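Below is one structure, written out as structure tokens; comments come after it.
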Amino acid sequence: MASKIFLLFLLFVAHPHPYPSVNGDATLIKRTCKNTKYYNLCFSSLKSDPSSPNADPKGLAVIMIGIGMTNATSTSSYLSSKLLSPSNNTTLKRVLKECADKYSYAGDALQASVQDLAVEAYDYAYMHITAAKDYPNACHNAFKRYPALVYPPDLARREDGLKHICDVAMGIIDNLDW
């Protein structure tokens with residue numbers, strides 16, 4: 001899966017962009033991030049990515065989506081690792097499995113959005129990012145169904161992180177020429 005993402009990213013970077021002279025320099029990143037809900041997250045994420053200096057606005061969206069994919073994949077792996085811990089609580093294990101699956105689906109939705117961006121299907125990219133942003137809610141709701149289970153604070157932070165990353169990516173896409 002990671003190699004597919006990397007190949008897609010390379011294909012996207014090699015593909016001619018409609019903004020050939022526009023690079024992801026600090027000015028473009030600032031201007032792009034000002035149109036998002038979480039400026040600081042946007043700016044720090046894009047500035048820290050080594051590919052951003054060569055990116056156009058659509059490329060910056062792809063970078064943010066890649067960050068979201070990393071978050072979703074990492075969270076799914078984190079939850080799957082919790083399933084391996086010795087516990088007799090079958091309800092907790094069932095909820096953790098459901099949550100791991102939801103974060104995996106979020107990663108898949110984000111991957112689909114990169115493919116959508118590559119063919120300039122911005123509405124579909126937006127829809128897939130919206131879906132990715134919503135999958136953590138299903139996980140949170142799974143915990144709510146069982147009052148004896150406590151929603152882990154680390155999972156709450158990861159949930160917020162993915163939602164914010166998705167908001168930033170959607171903010172960038174909002175400003176692409178549809």
Side-chain angles (χ1 to χ4, degrees), residues 1-81 100 102-136 154 157-178:
M1 180 170 147
S3 62
K4 273 177 130 178
I5 295 166
F6 181 73
L7 288 174
L8 246 176
F9 185 73
L10 282 179
L11 176 66
F12 181 80
V13 170
H15 183 271
H17 302 293
Y19 316 98
S21 64
V22 177
N23 290 334
D25 58 18
T27 303
L28 175 62
I29 292 171
K30 284 179 186 177
R31 191 172 60 240
T32 301
C33 291
K34 282 186 181 179
N35 294 314
T36 67
K37 193 172 177 180
Y38 300 100
Y39 175 85
N40 290 336
L41 172 64
C42 178
F43 186 78
S44 65
S45 297
L46 293 176
K47 275 306 281 181
S48 68
D49 190 284
S51 61
S52 67
N54 300 317
D56 63 7
K58 185 165 56 168
L60 296 176
V62 170
I63 291 167
M64 282 307 300
I65 293 167
I67 293 168
M69 290 167 59
T70 300
N71 175 293
T73 302
S74 170
T75 302
S76 180
S77 296
Y78 163 79
L79 291 164
S80 294
S81 74
K102 298 303 180 196
Y103 277 91
S104 178
Y105 300 152
D108 293 345
L110 290 170
Q111 183 176 357
S113 75
V114 171
Q115 295 167 344
D116 297 331
L117 285 175
V119 296
E120 298 183 358
Y122 301 134
D123 52 344
Y124 285 106
Y126 199 92
M127 177 193 69
H128 281 115
I129 296 168
T130 300
K133 180 183 172 185
D134 195 44
Y135 278 117
D154 189 41
R157 282 188 296 278
R158 290 169 180 261
E159 173 186 353
D160 287 343
L162 181 57
K163 288 177 176 183
H164 292 178
I165 292 165
C166 289
D167 279 334
V168 168
M170 290 187 297
I172 295 171
I173 291 171
D174 276 338
N175 291 288
L176 297 176
D177 292 331
W178 290 36

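Predicted model only: the values in this text are computed from it and were never measured. Heads up: numbering here begins at 1 and tracks the sequence.
- Residues satisfying the side-chain hydrogen bond (donor to acceptor under 3.5 Å, both in side chains) test with Tyr124, not counting sequence neighbours, are none.
- Judged by distance alone, with hydrogens and angles left aside, the side-chain atoms of Ser80 form a donor-acceptor pair with the main-chain N or O of Ser76 at under 3.5 Å.
- Atom CE of Met127 is separated from atom CG of Asp116 by 6.5 Å, given to the nearest 0.5 angstrom.
- Inter-residue side-chain proximity for Arg158 and Ser74 is flagged as met; some heavy-atom pair is nearer than 4.5 Å.
- Pairs engaging residues 124-136 under the salt bridge (Lys or Arg N to Asp or Glu O under 4.0 Å) rule: Lys133-Asp167 [sequence neighbours left out].
- Residues Met69 and Gly107 share a closest heavy-atom pair of CG-O, 4.1 Å.
- Shortest non-hydrogen contact noted between Ser51 and Ile63 is OG-CD1, 3.6 Å.
- In this structure, the side chains of Tyr135 and Leu162 stay at 4.5 Å or more apart for every pair of heavy atoms.
- One finds the OG atom of Ser113 at 11.5 Å from the CE atom of Met64 (value rounded to the nearest 0.5 Å).
- Closest non-hydrogen pair, Tyr122 versus Leu176, comes out as CE2-CD1, 3.7 Å.
- Atom-to-atom distance recorded for His128:NE2 and Asp108:CG is 10.0 Å, nearest 0.5 angstrom.
- The shortest side-chain heavy-atom distance between Leu110 and Cys166 falls under the 4.5 Å cut-off.
- Counting only heavy atoms from C-beta outward, the side chains of Asn35 and Asp174 never approach each other to under 4.5 Å.
- For Tyr78, the side-chain hydrogen bond (donor to acceptor under 3.5 Å, both in side chains) partners are Asp154, not counting sequence neighbours.
- With sequence neighbours excluded, the residues satisfying side-chain contact (heavy atoms from CB on, under 4.5 Å) with Thr130 are Tyr126, Met170.
- Every pair tested for ring pair (Phe, Tyr, Trp, His ring centres under 6.0 Å) that includes a residue from residues 44-63 fails, sequence neighbours excluded, so the list is empty.
- Within the 3.5 Å criterion, the main-chain N or O of Cys33 finds a donor-acceptor partner in the side chain of Thr36.
- Annotation: the span from Lys37 atom NZ to Lys163 atom NZ amounts to 10.0 Å, rounded to 0.5 Å.
- Annotation: side chain of Phe43 is not in contact with side chain of Lys34 (no heavy-atom distance under 4.5 Å).
- Between the side chain of Ser52 and the backbone N or O of Leu46, at least one donor-acceptor pair lies under 3.5 Å.
- Asn71 contributes no side-chain N or O that, together with a main-chain N or O of Ile67, makes up a donor-acceptor pair within less than 3.5 Å.
- Of all the heavy atoms in Ala132 and Pro136, the pair that sits closest is O-CD, 3.2 Å.
- Remark: Thr32 engages Leu28, Leu60, Ile172 in a side-chain contact (heavy atoms from CB on, under 4.5 Å) (not counting sequence neighbours).
- Panel note: side chain Asp49, backbone Ser45; no donor-acceptor pair is recorded below 3.5 Å.
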